[in-house]
Each structure stands twice: as C-alpha cells, then as structure tokens.
Amino acid sequence: MQDIHIPTLIIGAGLTGLSCALHLQQDYLMVEKEQEPGGIVRTRTKPGGFHCDGTGHWLHLRNPYTKELVHRALGDNIVEYTRKASIHSKGVFTLFPFQANLDGLPREVILECLTGLWKARHPEDFGMSQPDGPPTSFEECILRLFGTGIASHFMTPYNEKLLGVPLSEVSPRYAERFVPKPSIEDILNGAFGQSKESLGYNASFIYPRVGGIGALPKALETLLEVKPHYGLKLEAINLAAKTATLSNGSLVRYDHLVNTMPLVDFLKLCTDLPEIVTENAAKLRSSTVHYFDVGVRGPGAEGSESHWVYFPEPEFVFYRVGSYSAVHKELAPAGCRSYYVEISGGYDAFRDRPDDLRKRVREDLIRGRILSENDEILMMDLCTIPHAYVVFDSHYEASRASVLDGLQPFSVTSCGRWGGWNYGGMEDAMLEGIQAAKQINNA
Ligand SMILES: Cc1cc2nc3c(=O)[nH]c(=O)nc-3n(C[C@H](O)[C@H](O)[C@H](O)COP(=O)(O)OP(=O)(O)OC[C@H]3O[C@@H](n4cnc5c(N)ncnc54)[C@H](O)[C@@H]3O)c2cc1C
C-alpha cells in the first residue's frame, strides 16, 4: 500500500469496525492487525478438534435493526437457545439469577436473604430510617435493592471476583443494566421453588449453527464491498496532521478516523494529545480475564450440563465456568465436552505458577461438580483478555467523556466495547459502529 488519502480510516475489523464500514456512505480503509475479522468474536479450533470462542459469546438481540442485520448476514445459519444458567453456592446448584432462585439453599441462608430484603425495602419496620439520597456506589446500590443476605451470599463476592476491585469503588450505574431486579413477589416465589427462569437480559440467545460465533463477523465481512486489510497494524497517529502510520510503512491521510482498538492503547499511539485527555486517560481502568479452554472426555458431573455456572465463593479460583458444548454440542468432538473457565483477580496468586493453576482449576472443577474424577482432560489452553471489563469507578464517567470528547476536534470517533471503553455486548458493538457511520455520513 502506498501513501494515500482516504475519507475514513477504520482501525479494527471487530463487530464495531465491520458494522461501521457496512453503513458508511463514503470510501474507507479498514485495517486489522489479525489475519481475520472478529477481534474476540472469533472461533478457534484447538487440539483434539474442540471449537472454542473467546469465552462464551452468546448473542442477545433486542434491537429490530440488528436482528434484521444478523439474519441478513447469517441467513439460516442460526439456532436459538434458552438459557440454562446456574449458581454453585453452599455446595448446591441453584438457578440464575440468585436473588430470584433461593430455593435449594440451606434454610438459614434463605432466611438471611429474605430478612435482609425486607429490612432493605422496609427499614422502618426494624426501627431504621430510609437512606438519604441516591446510592453512591454499586455496593450501596446492591444493599438497598436486595439487603445484606443476597449481597453477602452472591452479589458482592461474585462481582468482586469478576471485577477484581471492591464494590465500594464501583459506580451505582453498573447495576442499571446488568443486575436483574426481580419484584418482591418473584423473589418470594423463587425462595419457594416457583421461579421464573426468564429474568435478566440474557434469558434466550442465538448462535450460529455452523462455524461458532466467528461465523458472525465472517458473514458481516461478506456484505462489505471493500474488505479489510488484514495483518496490517496501526502504529502511530499524528492527530493534528490527521495522518496514520501503518505497520507496512504507509502513511494514510484521513478526514475521519474511527477507532475500535482499546482506547488506552490507541491513545499511546497518538501525538498532540491535549493534556486533559492524557490526564483522564490515566484514570481509565479495566480488569484482565484469564480463561482456560478445556476439552474433556468422560461422564461429567451434576453441573456439567449447565450452559454456564457462577461460582461466587472465594474457595473456587474461577468466577464462572461455561460450557461451549452444553449450548451447542457440535463445538466438541463426539463423546466429548468443552468448557471455558474464567478467572480474574484469583489469577494473581498463580502468576508465575501456571502448572499449579492448572492443577487448582482441575481440583476446583471436580469440587464444583463440573468434572468427575473419571473425566479425562484432553486439552487445557490458557488465554488472556487484557482489557476484559471496564471498571465503572467514581472517575469512570467523567474521565471517559473527557477523553472521547477530547478526540472529537481531531475528527476521531472511538467506539465499541474497548474503543469506547464501555461494558457492551456484541449487539452494542454493532450499534456503535452504525452510530459512528451515521455521524460521519451526516458530517
Ligand atoms: C469475557 C467476555 C465475554 C463476553 N461475552 C459476550 C456474550 O456472551 N455476548 C455478547 O453479546 N457479548 C459478549 N462480550 C462482548 C463482546 O466481546 C464485545 O462487545 C465485542 O466483541 C466488541 O467488539 P469490538 O469490535 O468493539 O472490539 P474488538 O472485537 O476488540 O475489535 C477491535 C479490533 O481491533 C483490532 N486491533 C487492535 N489493535 C489494532 C491495531 N493497532 N491495528 C489494527 N487493528 C487493531 C483487534 O485485533 C480487533 O479485531 C464478551 C466480552 C468478554 C470480554
């Protein structure tokens, strides 16, 4: 590629970049450092013939347009599933979400959860007053919504394991989208075995019949007239001059730039960043997730057929174990099963001891009744997602807004889960790509 001028340069061919390209009404150049589209939304075949996504990637669609887009791209390569998610706590499995499915837990735990709920909703019955003002942290939000029992048995330990930070540091906004908020009636029904399984944003989902979740970005790519350039990396940006240097040495002059690579990494490549942007970028935090793809042959145990299982208790090193093959059996060879075992903060103690971590994960999978003693592990592959979950701390919203706004005068739109430094799913990624395209089309 020679030095060129292009109206729009798109960094990254994940779902955000692909959907942006698809909706742009002007010429673009899309560069992707990998050899195929999808970013984390790719499916790799591991030793033994296990097809693994970048941990579970199940597609929940709410927006009519993205539904149409995904159906246009995948055609009949779609299967719909109903969630089978559970929680392992106090040695038993209960259904997800915890707060609406207390049945099965020890009686004293159920009592503690229900009493805590009552106290939280009606503090005056216990001689306490209603708290003043809105909650100031996620921890406070959980306590006000569900009380101390549900908080201490699930909400707090699970979310602290996932995010790797105390919930007192997390903004209450975090609860808005991702915490199912059943009514008191649903919680009481769930405590007496009459649960509604459809609570929460991910009660059903779709998945490609063939090709794993990686089939989705590949299908979107086929809709593009101008394909991404693979194996080509953004190396530097001169914001003032609106030029980008790529790994093949070419210099690209652009009118608009759409970034979808992780925002903090993108900013490190930029010259001429305003000081306020640099200062606020330093406050953006994320958690790193390490996960094992595991391929197994054997009889399995009680929890092996759940689509995914949450493990809130600290004695388990992982916070969640999902099964690719329990959802879509074609992802594992005949007679085998496959899992993704997700670890966040718990990884640090094993940083330099990967063999000990493998041993611990196997032991915990057996203790957690996902694997049986007789299961033969055929494959166990450790992978890392450097920026997995954005930490919604007290700096988050103002810092993020300052950074994204600070890039606008340079005609840079940074969007998507990591480009926009947000907690979004695959549908959000596609919507953000479309939004970026519309903004440029209308400029
Ligand atoms: C653990 C986990 C589980 C998830 N599960 C689900 C789920 O079940 N359902 C759901 O809907 N969503 C899920 N998500 C969210 C989903 O993965 C994201 O919303 C989506 O993949 C974001 O796409 P993107 O295009 O914004 O980012 P990316 O996919 O990261 O795209 C960015 C692209 O930029 C490329 N790139 C990076 N640096 C450069 C460079 N210097 N030059 C050129 N290219 C570069 C990357 O290779 C990548 O292809 C999950 C996320 C995580 C972390």
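In each ligand, atom 1 is the first atom listed, and ligand 1 is the first ligand listed. Residue indices begin at 1 and follow the sequence shown.
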Under the salt bridge (Lys or Arg N to Asp or Glu O under 4.0 Å) definition, can you give me all pairs with a residue in residues 309-318, not counting sequence neighbours?
Lys90-Glu313
State, without any angle test, whether Asp76 and His71 hold a side-chain donor-acceptor pair at a distance under 3.5 Å.
no
Pi-cation contact, Tyr389 with Arg417 (under 6.0 Å, within 45°)
yes
Going by side chain to side chain contact (heavy atoms under 4.5 Å, CB included), name the residues that satisfy it together with Thr66, two or more places apart in sequence or in a different chain.
Leu61, Asn63, Glu427, Met430, Leu431
Return a table of N or O atom pairs, ligand 1 on one side and protein on the other, at distances under 3.5 Å, rounded to 0.1 Å.
from: ligand 1; atom 1: 5 (N); to: Gly56; atom 2: O; distance (Å): 3.0
from: ligand 1; atom 1: 8 (O); to: Gly56; atom 2: O; distance (Å): 3.2
from: ligand 1; atom 1: 8 (O); to: Trp58; atom 2: N; distance (Å): 2.9
from: ligand 1; atom 1: 9 (N); to: Trp58; atom 2: O; distance (Å): 2.8
from: ligand 1; atom 1: 11 (O); to: Met426; atom 2: N; distance (Å): 2.7
from: ligand 1; atom 1: 12 (N); to: Met426; atom 2: N; distance (Å): 3.2
from: ligand 1; atom 1: 14 (N); to: His57; atom 2: NE2; distance (Å): 3.3
from: ligand 1; atom 1: 17 (O); to: His57; atom 2: NE2; distance (Å): 2.7
from: ligand 1; atom 1: 19 (O); to: Gly424; atom 2: O; distance (Å): 2.9
from: ligand 1; atom 1: 19 (O); to: Gly425; atom 2: O; distance (Å): 3.1
from: ligand 1; atom 1: 25 (O); to: Leu15; atom 2: N; distance (Å): 3.1
from: ligand 1; atom 1: 25 (O); to: Thr16; atom 2: N; distance (Å): 3.0
from: ligand 1; atom 1: 25 (O); to: Thr16; atom 2: OG1; distance (Å): 3.2
from: ligand 1; atom 1: 26 (O); to: Thr16; atom 2: OG1; distance (Å): 2.6
from: ligand 1; atom 1: 26 (O); to: Arg417; atom 2: N; distance (Å): 3.1
from: ligand 1; atom 1: 41 (N); to: Leu234; atom 2: O; distance (Å): 3.3
from: ligand 1; atom 1: 42 (N); to: Leu234; atom 2: N; distance (Å): 2.9
from: ligand 1; atom 1: 44 (N); to: Lys33; atom 2: N; distance (Å): 3.3
from: ligand 1; atom 1: 47 (O); to: Glu32; atom 2: OE2; distance (Å): 2.7
from: ligand 1; atom 1: 49 (O); to: Glu32; atom 2: OE1; distance (Å): 2.6
from: ligand 1; atom 1: 49 (O); to: Glu32; atom 2: OE2; distance (Å): 3.3
from: ligand 1; atom 1: 49 (O); to: Gly39; atom 2: N; distance (Å): 3.3

Return the orientation label for the Tyr310 and Trp308 ring planes: parallel under 30°, perpendicular over 60°, tilted otherwise.
perpendicular
Check side chain to side chain donor-acceptor pair (under 3.5 Å) between Lys46 and all other residues, then give those that pass, not counting sequence neighbours.
Asp293, Asp381
